[in-house]
Amino acid sequence: MKRPLAYLTAAWSGEPDIDMELTAHYCRLAYEAGFSPLCPLLYLPLFLSNSVPEEYKAGIDMRREKCDAPERNPTGCRKARAEHEL
């Protein structure tokens, strides 16, 4: 069965351990609901550092690429981005 993608994003509280745990939990809920969760905020910090300006910008660009891809989310993600900058 091909699962539809679910793009998940969230604001970080500043507590990395708690943030990662909650994000993984939300991804699990999406999976159990029949989706294939895609959460850049969960995997990008594994290899990018926000303290390095080039890597911080690369992370934003990667999130925007996935968010704007029409095959991923034809309307909802762009609407959300128009209201709240990534």
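Considering every non-hydrogen atom in both S51 and S49, the closest pair reads OG-OG, 2.7 Å. Taking all atoms of both residues into account, the shortest heavy-atom contact from A30 to A6 is CB-CB, 4.4 Å.
Using a 4.5 Å heavy-atom threshold, the side chains of F47 and E55 count as separate.
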Considering only distance and modelled atom types, tabulate donor-acceptor pairs under 3.5 Å from the side chains of residues 20-29, sequence neighbours left out.
residue	atom	partner	partner atom	Å
T23	OG1	D19	O	2.7
R28	NE	E32	OE2	2.9

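Taking CG from L48 and OH from Y56, the interatomic distance works out to 12.0 Å, rounded to the nearest 0.5 Å.
When hydrophobic clusters are built by joining Ile, Leu, Val, Met, Phe, Trp and Tyr residues whose side-chain heavy atoms come closer than 4.5 Å, directly or via intermediates, L8 is not grouped with Y43.
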